Every structure is written in structure tokens, then in C-alpha cells.
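Structure first, then comments.
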Amino acid sequence: MLEETAMDASRPGMATQPPTANAAPETSPPKAVVALVLGLLPLILWQAAMWSERIAAQAIRDDGWRRLALYTANLSSELEHYDYLPRILAEDTAIKEVLLDPGDATAVDVANRYLARINTFAGASATYVIMRDGTTLVASNWETERSFIGANLRFRPYFQTAFKGEMGRYFALGTTSLEPGYYLARPVLQDFDTDRKIIGVIVVKVGMNRLEEHWGNGPVQVMVTDDYGVVFITSNKDWKFRTLSRLDDKTREIITTSRQYHNAPLNPLGIETKETMAEGVRIVAFENGARYMMLGAGIPNTDWRLQVLMPYARVGRIVWAAVALAGFAFAVLALVAYSLFQHRQRLRDRLTHQQEIAGTLAAARDELEKRVAERTADLRTAQAELVQAAKLAMLGKLSTGINHELNQPLSAIRSYADNAQAFLDRGRTEEAKGNLASISELTARAGAIVTRLKGFARKSKDDVRAVPIALSVANAITLLGPRFRSEGIEVVSDLGGRDILVCGGAVRLEQVFVNLFANAADAMAGSPVKVLSVTLDESEDEVTIRVADSGPGIDTGVLERLFEPFFTTKEAGEGLGIGLAISYGIVTHFGGTIEAANHHKGGGVFSVRLKKAENGGCGDGS
Ligand code: ADP
């Protein structure tokens, strides 16, 4: 019989509701975020510019300070280098003597040659002696065309300072040579005079070309200015004898009188201060647009200032590079962020899509399960009707069978009864008794026939519950015990665990085994060895009971039709052919199977397989 189990429409773990679809997925970042990011860009670029300018300016300033210290030291050492010379010459007896007797031509000549030699040794530009009236008496360049001899230099500030008894230091263009130089002047004192009267002035002129040449290579510029702000030593020829700021007329007159810079126009350089960064550090722009960072420091023992000018244009280039770099980094970051956003959006879209598909699938599955459930219910009804119809059809056949089966005992009963009546009429009570006994026997036989039909006619109910299978089998063995003993049948049973529960009905399972045992006993009727073996095997979810006999076995033709209703090989009156059909119906109704075969020793073997009751229950029946 066909049994179907309705599919469970509400399986756990399966989404039955399609997920609520999200709001339309966005394909680009929110406008507010874009606006914020774009708004940040100028701020970031501005910050990058400020930061890079500060760093670059700092680096330039540090370099500037280093150079300033170096150049100042250069200049100071260059100036001090010749300090000793006027000091020594001022003490020279020959110089003093010639000053005391300027008319001695021989002494002057000797002194001239002497100074020329000293001047060459010292590497100075010129060395000369000036008398009290300012006239040059002796000079190292006495032989040259531009000899200082005879020139009156009393207007020179260095002469005036020395004449006051101090060390005169002065930078100027030579009045005769027009060559720029640093003048060091000292008074020459009369030795034996108690007042130590100044009898003349010794002057050493030192050229500054070496320093200028030394400073002149490279983009960094240097200038040395005097106390009026006139540039007199510089690495840049164009700046020479120009001024830091416009000179007033009075200053101009003083300079002109001293002929310090001869006829130089002393035009201002036109430097404009753009920014003062710190004490002595400013950003300046020249008329031609060139920008420098200007760092200055005073030269010890002088009124001079040394200025280092560091080119500032590269700061602009560094700032532009930093801004470009920041812009590029910003663009790269923005692109990365955008692609990450898009990637996330795509993932989200895919997820939504998958959820939609899952929702659709769940809905389709629900629909399918609903239909299956409906069809199963229909089939159950149809099947029940079919079974009932089949049973009715069988009933027709059965009536014929019963008719045939019961007719014989009934007509025998009638003839026994008729004869008994005749025997009684004739007073032959013993014979009448015998007939009555035969009638009783025949009635019992008819009753047995009817009883066997009972189980077949009953409509099966869904009374499936957990029953101990070993007990049903043992009961069946007990029921047939008297027959086994009277026919000499040995029963070998191994039922194993007696507490195994299967899905079924206890009485109906008993009925199945009684039927199988009775068939086995029938089969072994003519066998010399009569052994009935009953074994029980269990697997994870099934129990199998094997009923084997030592009879002749089952013919192939018989095997095929064994479970057909009313199929029998037995003599009329011996079998109805419904025992196995009923057993089949019962076992399949319980969700089990029944199979027949011949075992290797030749006898028949019937295997009944039943479902184990899971956790002591059989679905809704127990
Ligand atoms: P019945 O016993 O009334 O004939 P069953 O449906 O019980 O009806 O059996 C049908 C037939 O199956 C039997 O007539 C017999 O030929 C065969 N059969 C059943 N059991 C055995 C067995 N153990 N050995 C050989 N044949 C068997």
C-alpha cells in the first residue's frame, strides 16, 4: 500500500518572507559629503602652502645664519690680519728718523725701498707714511706712476683718527689709484719726547678683491655696508657703491669731502622690505623683482654691517611643489575613497539582489509545499477510496470463495442433521450423537473461515504508535506454541533487545507474525526436519524480523504472486490466500516492508522491516 507523508511546510531555518527592499541604492556619495570634501580642498592646499613655506624659509634662514657667521669671520680675520703691520712700522726707527728729518733725500729713498719690500712681504696693497701736515712722505709705490708721494691726505678720516692718537680704520677708493681698499692708520710717536708727540701717520692699505672673488661664486650674495649704508664690498658688481636707502644731502657732502668713494653716484639699490621675519632677518625685493632673504650682522671693531642675501625664489617653487603634491595626494585619496564607496555600493546591491532572489525562492517553495500538501491530502482521500473500492471488489470475490468454502460444510451439516433426525426417529441415538459431533466440528470450521475474514474486512485506522516489537513476536510464538509442539516443530528465536520500539499496532503485528508462523508450519508439514528460526536485527532507524523455515521453499512463480489476495497453493478448504495480503497491508500501513525469499538451505524466509519509533514516538499517532 502506498503511504505518503505530507511535506512540512514550515521548515526551520528557511526564510519564508522576502526581505524588505532597501531604499533605492545610491550610486554616488551624498552631496553633503562631496561638498564638504571639495570645501576642504582649498583649506588643505592653503595649509600645505603655509607649512611648506615655513619649512623652506626655516631651512634658508638656518643656511643664511651659517653663511653670515662664516662670512663675518672671513671679513674679521681679513681685517685683523694686517693689524700688526702699522703697529710694527709705527715703532720702526727708520720711519721715525725720516719723519723727523723729511729733507734727507737719502733717508727718504732708503725708507721708500724699505716700505716697498715690507709691503710686498706682507701682501698689502700699499704702505706709506704721512707727515703731520698730511703730505705723503714715504710710500711703497714710490716708483710707480700713481705714487702717493706728495699727495696730501689730511682730508682722509683715517688720517684724522690716527692723528688723534687712535687706530684709524677706513674703507675707501684710493684718491690716486682709485682702487678700493681698507686703510689701517696708526700714529708714529717721537720716542724721546716726553709728550710722545705724533710726528706722522703710518698707513697700510689692503685690497679686498680676494674676499670679493671668494664670495662671488654662487647664488648667495654678500654685501658689506658702512655706517651710511653704502655698499663697499660685495659679491655683486652692480651693487658696489650703491646705498641701502637714499642718502640725505648732509651725508652725501661728508662722503664727498672725504673722497671716500671718489665720484661714485651713491644711488640707492631700491630694496623694498616685504617682511621682517626676525631680528636682522627680512625678506626683500629688488627693483628687478629678485627676492632675497637678507640676514645681517655687525663686524666687530667697525661701523660696518655684513649682509647675506639668500635667494628666496626657490621658496616659491617649493611652495608650488608642495601645493601640487598635496593636491595630487588629495585627488588620489578622493579617488580611493570614491572607489571604496562604489565597491561597498556594489556589494550592497548584490546583497539586496540576492535577498530578493532568496525571497522569490522562498515564496515559490511555500507555494510548492502548499500544493504538495493539497495533492497529498487529495491522494490520501483517493487512496482510501481506492482501498475501500478494492476491498469491496475483493468482497465480491470473497463471497464466491466463502460460498465455495461454506457451502461444503453447510451441506454436510444439513445431511448430518437430516441423518441425525432419521437416526433419532429410529432410536439410534449413538449414531445421532456421532452426527451431532460432526455438525459441531463442521460449524467450528465454518466459524474459523469467517474469523479469518474479519481482519481483512476491517478498515485500517491510523492507530500507529510505539510498540515493543519483540513482545508481539513472542506473543505470536506463544499463540502457536501448541501447534508447534504437536507437529514437532523446533522454534529457534533470537529477539535481542526486548525494549526496541517500532511504529505499529501490537495486535496487528501479532496477527502478521501468527500468519507467517502458520504458513511456515504449513510449509514444513512434509519436511523431515522442522525448524522455525526467528531473528531480530536492528539498524539505526529500522528493525528487521526474519522468519525462516526448513520447508521446501517458495517456487519462483509463487514468489511473484505471493502477496496477491486469494492466491494460494493450498487445497480448497486449507487456505484462503488472504493471509499474506492482509500482512502486507498491515506492514505497509505501518510504514514498513515485507519481502519473501528462499534462504540458502532451501526454505522460505520472510523479512519484515519496521521503522523504529524515534525518541519513543511515531509522529502524531503515539
Ligand atoms: P494461504 O496460507 O491461505 O494459502 P497465504 O496468503 O497465507 O494464503 O499464502 C499464500 C501462499 O504462499 C500459500 O498458499 C503458499 O503457497 C505460499 N507460502 C506462504 N508461506 C510459505 C512458506 N513458508 N513456504 C512456502 N510457501 C509459502
Side-chain angles (χ1 to χ4, degrees), residues 1 390-391 393-395 397-406 408-409 444-458 460 473 476-477 479-480 483-484 487-493 508-535 544-589 592-609:
M1 279 190 195
K391 281 181 181 175
M394 280 176 207
L395 201 63
K397 281 188 180 182
L398 195 62
S399 335
T400 323
I402 292 167
N403 190 32
H404 176 76
E405 288 289 318
L406 291 184
Q408 196 200 4
R445 202 171 123 196
I449 291 167
V450 173
T451 309
R452 275 156 78 184
L453 288 170
K454 222 167 74 185
F456 186 73
R458 192 172 64 204
S460 55
V473 179
I477 294 174
L479 274 175
L480 287 180
R483 180 172 173 192
F484 292 152
E487 293 181 15
I489 295 169
E490 186 192 349
V491 181
V492 182
S493 69
R508 278 188 285 163
L509 284 176
E510 224 174 272
Q511 194 182 341
V512 169
F513 292 109
V514 165
N515 190 36
L516 292 181
F517 297 157
N519 277 348
D522 288 345
M524 293 188 289
S527 301
V529 180
K530 298 178 180 180
V531 180
L532 176 72
S533 149
V534 187
T535 55
T544 307
I545 298 100
R546 279 194 187 79
V547 179
D549 60 58
S550 56
I554 311 156
D555 290 343
T556 322
V558 175
L559 261 179
E560 286 165 7
R561 306 185 54 197
L562 215 53
F563 298 102
E564 267 180 30
F566 308 110
F567 173 78
T568 181
T569 55
K570 292 170 190 168
E571 295 290 316
E574 291 291 316
L576 267 178
I578 57 170
L580 285 179
I582 291 171
S583 300
Y584 183 90
I586 291 170
V587 172
T588 51
H589 177 69
T593 57
I594 180 165
E595 286 166 11
N598 288 312
H599 62 73
H600 61 281
K601 283 182 186 163
V605 57
F606 284 78
S607 302
V608 177
R609 202 166 282 130

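None of the values given here were measured: they were computed from a predicted structure. Every number for a ligand or one of its atoms is a count from 1 in the order of the listing.
- Interface atoms of ligand 1 facing I554, defined by a heavy-atom separation under 4.0 Å, are 24 (N), 25 (C), 26 (N).
- In terms of heavy atoms, S550 sits closest to K530 at OG-CA, 3.4 Å.
- Closest heavy-atom approach to atom 18 (N) of ligand 1 within the set T568, L532, V605, L562: this belongs to L562.
- Any N or O atom pair closer than 3.5 Å counts here, and A523 shares no such pair with ligand 1.
- With respect to L516, the side chain to side chain contact (heavy atoms under 4.5 Å, CB included) criterion is satisfied by exactly one of L480, I545, V473, V608: V608.
- One option in G577, G603, G604 has a heavy atom closer to atom 8 (O) of ligand 1 than any other, and that option is G577.
- The heavy atom nearest to atom 10 (C) of ligand 1, considering only F567, Y584, F606, F563, is found in F567.
- Applying the side chain to side chain contact (heavy atoms under 4.5 Å, CB included) test between Y584 and each of T593, L562, I594 identifies I594 as the sole match.
- For residues 552-568, the side chain to side chain donor-acceptor pair (under 3.5 Å) pairs, not counting sequence neighbours, are R561-E564.
- By the 3.5 Å distance cut-off applied to N or O atoms, G553 is not counted among the residues near ligand 1.
- Contacts classified as salt bridge (Lys or Arg N to Asp or Glu O under 4.0 Å) and involving residues 575-586 (residues at least two apart or in different chains) are not found.
- Of the candidates T569, D522, L580, it is L580 that places a heavy atom closest to atom 6 (O) of ligand 1.
- Closest of all the heavy-atom pairs between L479 and E510 is CD1-OE2, 3.7 Å.
- At a heavy-atom distance under 4.0 Å, no atom of L516 approaches ligand 1.
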